[in-house]
Amino acid sequence: MKILLLGGSSFLGRAYAVEALARGHQVTTFNRGLRSPDLPGVEAVRGDRDSAEDLARLVGGRRWDAVVDTSAQQPAQVALSVRLLRERADHYTFVSSVHACADWATQVITEDSPLLPCPADTPPGQPFGRELKAGCERAALTGIGAERTLVLSSGLLVGPYEVGGRLPWWLERMARGGRVLAPGDPGRTVQVIDVRDFAAFGLDLLTAGTAGRFLTTAPPGQLTFGQWLETCREVAGAPGTELVRIDDGPLLAEGPDRVEPWTELPFWAPDLPDWAYIWQVDSSRARAAGLRCRPFAETARDTWDWLRTRGPAEDTDAEGRKAAPGSLFRQGIEPAKEQRLLAAHG
Ligand SMILES: NC(=O)c1ccc[n+]([C@@H]2O[C@H](COP(=O)([O-])OP(=O)(O)OC[C@H]3O[C@@H](n4cnc5c(N)ncnc54)[C@H](OP(=O)(O)O)[C@@H]3O)[C@@H](O)[C@H]2O)c1
């Protein structure tokens, strides 16, 4: 098949490109060229999807069997691309997020859960908000039609080429060694999906011409946070690395050493009502349709292999900025703060 990847150079889009090429498809990628080098074998077209001229140049006289949109964050971006592509492709996959559901994290969500309000014709340039992905879904469905649109609502993505740096942060932290702050209840679960499993599933559905909506993530209860940390320690930890548990309470206490869940300690979702169901997304429909999720240990190992061997061209963030020397990642607790917390509570 001829497949157009809007994105295609980074993380999920790159995983789609690798898998599609391996299956013998012809792949066109469209991005600004700020991220990883182009994969050998793709037809790489440079351009900004906010520019109608760039998109028109991409489309030219071409036709594709399917489009996979891994780069839209704004409904206006989707509206523009579907206007130009609806007659040029048979099938459109839009990669959304589970957080577009109104009750995400506070209730178990399914494909039938209501989306956040956000119209398809929301003007461009909105500041980030969970609702924007809901508007993007509406723009894809309005522009292409439900019978040709596949919406894959993604859970948290992990795997090689994760420039956002959540799993890489933990792997790098274990490699630094010493006493490592292990936040909260180790029995709480974590629910993520490897980009390679997502891409394989997405391509299976695309080649079958499947339409509809799938919450695409691993089963709830896939692994516990304690197992997650232990796996990261086994894969990347310096000799003698020790996990030191500290309960949610002291980490959330107001004061200069309060820890920001999620950003300072990635994947730490404390036991609060607003987070109660964050790792309880019902992905049974996707699994019934063929989604298979590899063991987390394999993801952690492959991500660590990538981190140790990546080239400097991959050390850029979403805006193409170079990362600080020694680390790709801007998130993560300051080492001195972590040590103060360990001394006080560990
Ligand atoms: N990462 C997660 O955990 C997660 C969770 C849920 C949903 N999702 C969704 O999954 C999708 C893929 O995520 P990701 O983490 O793989 O994204 P990513 O690493 O930020 O990759 C985005 C891709 O889109 C291209 N792109 C971005 N802005 C563009 C523009 N204006 N014009 C043309 N190309 C543009 C980028 O290349 P250039 O920068 O070179 O243009 C890159 O190839 C996104 O829609 C994201 O919202 C991700």
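Just follow the structure's listing: the first ligand is 1, and inside any ligand the first atom is 1. All of these numbers come straight from a predicted model, not from anything done at the bench. For this chain, numbers begin at 1 and follow the sequence in order.
- Atoms of ligand 1 lying under 4.0 Å from at least one heavy atom of Phe11, given by number and element, are 1 (N), 15 (O), 16 (O), 19 (O).
- There is a side-chain donor-acceptor pair under 3.5 Å between Thr299 and Asp194.
- Counting all heavy atoms, side chain and backbone alike, Leu206 lies closest to Met1 at CD2-CE, 3.8 Å.
- Among Ser153, Ala100, Ser154, the residue whose heavy atom lies nearest to atom 6 (C) of ligand 1 is Ser154.
- Atom CH2 of Trp275 sits about 15.0 Å away from atom CD of Gln280, to the nearest 0.5 Å.
- Within ligand 1, the atoms closer than 4.0 Å to a non-hydrogen atom of Ser10 are 16 (O), 18 (P), 19 (O), 21 (O), 42 (C), 43 (O), numbered from 1 in the order shown.
- Of the polar atoms of Leu12, at least one N or O is found under 3.5 Å from an N or O of ligand 1, judged by distance alone.
- Following chains of ILVMFWY side-chain contacts shorter than 4.5 Å, one can reach Val82 starting from Leu84, so the two form part of one hydrophobic cluster.
- Of the candidates Leu156, Ile193, Thr70, it is Thr70 that places a heavy atom closest to atom 13 (O) of ligand 1.
- Note on ligand 1: Ala15 sits outside its first shell, no heavy atom being nearer than 4.0 Å.
- Side-chain contact of Thr110 with Arg285: a donor-acceptor pair under 3.5 Å is absent, judged by distance alone.
- At a heavy-atom distance under 4.0 Å, only side-chain atoms of Gln73, from C-beta outward, approach ligand 1.
- Within a 6.0 Å radius of CD in Glu334, no more than 12 heavy atoms belonging to other residues, nucleotides or ligands are found.
- Taking a cut-off of under 4.0 Å to the non-hydrogen atoms of Gly47, the atoms of ligand 1 that pass are 32 (N), 33 (C).
- Glu43 pairs with exactly one of Gln26, Lys2, Arg62 by the side-chain hydrogen bond (donor to acceptor under 3.5 Å, both in side chains) rule, that one being Arg62.
- Remark: distances from the non-hydrogen atoms of Glu162 to ligand 1 are all 4.0 Å or more.
- Atoms of ligand 1 found under 4.0 Å from any heavy atom of Lys133 (numbered from 1 in listed order, with element): 44 (C), 45 (O), 46 (C), 47 (O).
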Check the pair Trp268, Phe225 against ring-ring contact (aromatic ring centres under 6.0 Å, His included), reporting the backbone distance first and the verdict last. CA-CA 8 Å; Trp268 169 49; Phe225 196 45; 8.5 Å; no
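- Counting only non-hydrogen atoms, the option in Cys136, Gly155, Ser97 that gets closest to atom 5 (C) of ligand 1 is Gly155.
- Near Asp48, meaning under 4.0 Å from one of its heavy atoms, ligand 1 places the atoms 30 (C), 31 (N), 32 (N).
- Relative orientation of the Trp228 and Phe296 rings is parallel, given thresholds of 30° and 60° on the angle between their planes.
- Listed by number with element, the atoms of ligand 1 under 4.0 Å from a non-hydrogen atom of Gly8 are 43 (O).
- At under 3.5 Å, a nitrogen or oxygen of Leu34, whether backbone or side chain, sits near a nitrogen or oxygen of ligand 1.
- Of all the heavy atoms of Arg166, the ones lying under 4.0 Å from any atom of ligand 1 belong exclusively to the side chain.
- For the residue pair Tyr16 / Thr93, no side-chain donor-acceptor distance below 3.5 Å is found, with atom types taken as modelled.
- Within 6.0 Å of NZ on Lys337 lie more than 12 heavy atoms contributed by other residues, nucleotides or ligands.
- Close approach to Gly33 involves these atoms of ligand 1, each under 4.0 Å from a residue heavy atom: 40 (O).
- Nearest-residue assignment for atom 7 (C) of ligand 1 (options Ser96, Gly159, Gly7, Ser51; heavy-atom criterion): Ser96.
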